[in-house]
Amino acid sequence: MDPPPILTSSDSAATSSAGEERHAEIKWDEIGFGIVSTDFMYVMKCSKGEDFGDGSLIPYGNIELPPSAGILNYGQGVLEGLKAYRTKDGSIVLFRPEENARRIKIGAERMCMPSPSVEQFVHAIKKTVIANKRWVPPFGQGSLYIRPLLLGTGSVLGLSPSPEYMLLIYTTPVKSYHKGPLNLVIKDELYRAISGPGGTGGIKSITNYSPAYKALNEAREEGFSDILYLDAATGNFIEEVTGCNIFVVKGNSITTPEAVGTILPGITRKSIIDIAIDLGYQVEERGVPVEELLQADEVFCTGTAVVINPVFSVTYNKTKAKYKTGSGTISSKLYETLTGIQTGLVQDIRGWTLQVD
């Protein structure tokens, strides 16, 4: 995706000469979900057997790695994704960053990597957002996507963990990942994760994502938005869409596959479960057979990138099921509540938002 037009880039300061904050001079209505070069990124390093120390902000740009780096040779790395939002009063807030901090620690442990503490991670996120605050879109015009990467950067030839590590955080302003309701397809030739709790389907390993390209490209060539994967053990139960969790609605009941082993425990997923219960819906986490999905009233996906995205249809073999979308649906109510909390329009009774400026 090409970056949106920049009107001027001669002054990268986040404030005007009068000391007042200003936005980057960018056509906000033309940004999509892609890379826009912002001002700064954050780097924190450590060696194997040590703890992460203080990090620092550096200008946004390329990084240097040895060709024998663990991340390049053996894919030793995990990632996260979260957003900063501009509220109606102009403040900038994060949404549950400590959950990302805890999840990256779980992923790091599975990949034999050290990780920053929750406090270090949240501090680093705040510093990165403040340094790039002019790139946080105005209220109602998008959000600042934040991508933390935990990488094995030391040289390694034999199959063993890297001796050195780096936490790198960069940002880019974005709008929604998908445009409009999704048309999903179920294909049972390829699977997202191996069955059982021993794999990496439940963490954000960097190696989890590129294997999905083949199935995703095929689906898009056939006119579908994305792939809905089944469990690899039986092929009878739904698991995830390529990069997001899925929910099934029937009447007043909302069901989602249990996030155990092969399914990523999404932070948006977790938040939507709590919001739905607060709104009086019956929520259940369990195995969801394909047949139940095809008989649903509504289906929607959740994730940091997609937020809450309704599903218009799911195609499985020769069956195409269609679902309710638009105003008045349960997914639209959940979307309004979630985004309202994130932007200050709905009271944050759970303390999920963290002001950064």
Side-chain angles (χ1 to χ4, degrees), residues 32-34 78-83 95-96 99-100 103-104 107 142-143 145-148 174-187 190-193 200-213 215-217 219-220 224-231 237-249 254-276 283 285 288 290 293 296 298-316 323 325 329-332 334-335 337-339 342:
F33 197 90
V78 292
L79 58 84
E80 275 298 324
L82 62 159
K83 290 177 178 176
F95 185 72
R96 309 189 76 175
E99 292 292 335
N100 297 90
R103 190 168 65 180
I104 204 171
S143 57
Y145 190 87
I146 307 160
R147 170 50 56 81
V174 298
K175 279 193 169 67
S176 298
Y177 185 74
H178 289 292
K179 296 181 179 179
L182 303 177
N183 292 292
L184 303 179
V185 62
I186 297 174
K187 290 181 176 290
L190 296 173
Y191 297 92
R192 177 187 168 275
T200 60
I203 66 170
K204 288 185 75 70
S205 166
I206 286 174
T207 54
N208 283 356
Y209 293 87
S210 56
Y213 292 165
L216 184 57
N217 287 343
R220 288 176 174 169
F224 297 102
S225 308
D226 213 323
I227 294 277
L228 174 56
Y229 290 93
L230 303 178
D231 73 291
F237 297 89
I238 64 171
E239 289 208 328
E240 286 189 14
V241 180
T242 303
C244 48
N245 298 117
I246 191 162
F247 286 77
V248 174
V249 179
I254 303 174
T255 308
T256 189
E258 187 176 7
V260 176
T262 57
I263 296 176
L264 185 74
I267 295 163
T268 306
R269 172 190 180 277
K270 181 178 183 179
S271 304
I272 285 302
I273 289 172
D274 288 339
I275 290 171
V283 182
E285 299 177 72
V288 181
V290 176
L293 166 81
E298 291 181 47
V299 175
F300 61 89
C301 298
T302 65
T304 298
V306 304
V307 191
I308 299 176
N309 211 135
V311 174
F312 173 72
S313 71
V314 173
T315 299
Y316 178 52
Y323 308 102
T325 62
T329 59
I330 290 175
S331 64
S332 67
L334 294 171
Y335 176 87
T337 304
L338 175 65
T339 57
Q342 292 169 336

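Every heavy atom of this structure was used, including side-chain atoms; hydrogens, water molecules and symmetry mates were not.
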Heavy-atom check, side chain of [X] versus side chain of [Y], under 4.5 Å:
X: Asn183; Y: Thr315; value: no
X: Val78; Y: Arg103; value: no
X: Arg147; Y: Leu79; value: yes
X: Ser143; Y: Val174; value: yes
X: Ile186; Y: Val314; value: yes

Could you walk me through whether Leu230 and Ile238 pass the side chain to side chain contact (heavy atoms under 4.5 Å, CB included) test, one step at a time? CA-CA 4 Å; Leu230 303 178; Ile238 64 171; 4.1 Å; yes

Given Ile254, which partner from the list Ile273, Val249, Val248, Ile272 fulfils the side chain to side chain contact (heavy atoms under 4.5 Å, CB included) test?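 So the option named by the test is Val249.
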
If we check side chain to side chain contact (heavy atoms under 4.5 Å, CB included) with Thr325, which of these qualifies: Ser313, Pro310, Ser331? Pro310

Trace of the side chain to side chain contact (heavy atoms under 4.5 Å, CB included) decision for Ile275 with Tyr335: CA-CA 10 Å; Ile275 290 171; Tyr335 176 87; over 6 Å; no

Report the distance from atom [atom1] of [X] to atom [atom2] of [Y], rounding to the nearest 0.5 Å.
X: Leu334; Y: Ser271; atom1: CG; atom2: OG; value: 11.5 Å
X: Lys187; Y: Tyr316; atom1: NZ; atom2: OH; value: 12.5 Å
X: Leu338; Y: Ile308; atom1: CG; atom2: CD1; value: 5.0 Å
X: Leu82; Y: Ile267; atom1: CG; atom2: CD1; value: 7.5 Å
X: Thr242; Y: Leu184; atom1: OG1; atom2: CG; value: 9.0 Å
X: Glu240; Y: Thr256; atom1: CD; atom2: OG1; value: 9.0 Å

Run the numbers on Ile263 and Asn245 for side chain to side chain contact (heavy atoms under 4.5 Å, CB included), then give the verdict. CA-CA 8 Å; Ile263 296 176; Asn245 298 117; 3.7 Å; yes

Kindly say whether [Y] contributes a backbone atom to a donor-acceptor pair with the side chain of [X] at under 3.5 angstrom?
X: Asp231; Y: Glu239; answer: no
X: Asn309; Y: Phe300; answer: no
X: Asn208; Y: Ile203; answer: yes
X: Lys83; Y: Thr304; answer: yes

Please confirm whether the ring centroid of Tyr145 lies under 6.0 Å from the ring centroid of Phe33. yes

Please report the shortest heavy-atom distance between [X] and [Y], naming the atom on each side.
X: Gly303; Y: Thr268; result: C-OG1, 3.3 Å
X: Gly202; Y: Pro265; result: O-CD, 3.3 Å
X: Ala212; Y: Tyr229; result: CB-OH, 3.6 Å
X: Tyr209; Y: Lys204; result: OH-NZ, 3.0 Å
X: Leu182; Y: Cys301; result: CD1-SG, 3.9 Å
X: Asp226; Y: His178; result: OD2-NE2, 3.8 Å

Just checking Phe237: does its CZ atom have more than 12 heavy atoms from other residues, nucleotides or ligands closer to it than 6.0 angstrom?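 Atom CZ in Phe237 is packed in, count exceeds 12.
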
Where do Phe247 and Glu298 land on the side chain to side chain contact (heavy atoms under 4.5 Å, CB included) test, with the steps shown first? CA-CA 8 Å; Phe247 286 77; Glu298 291 181 47; over 6 Å; no

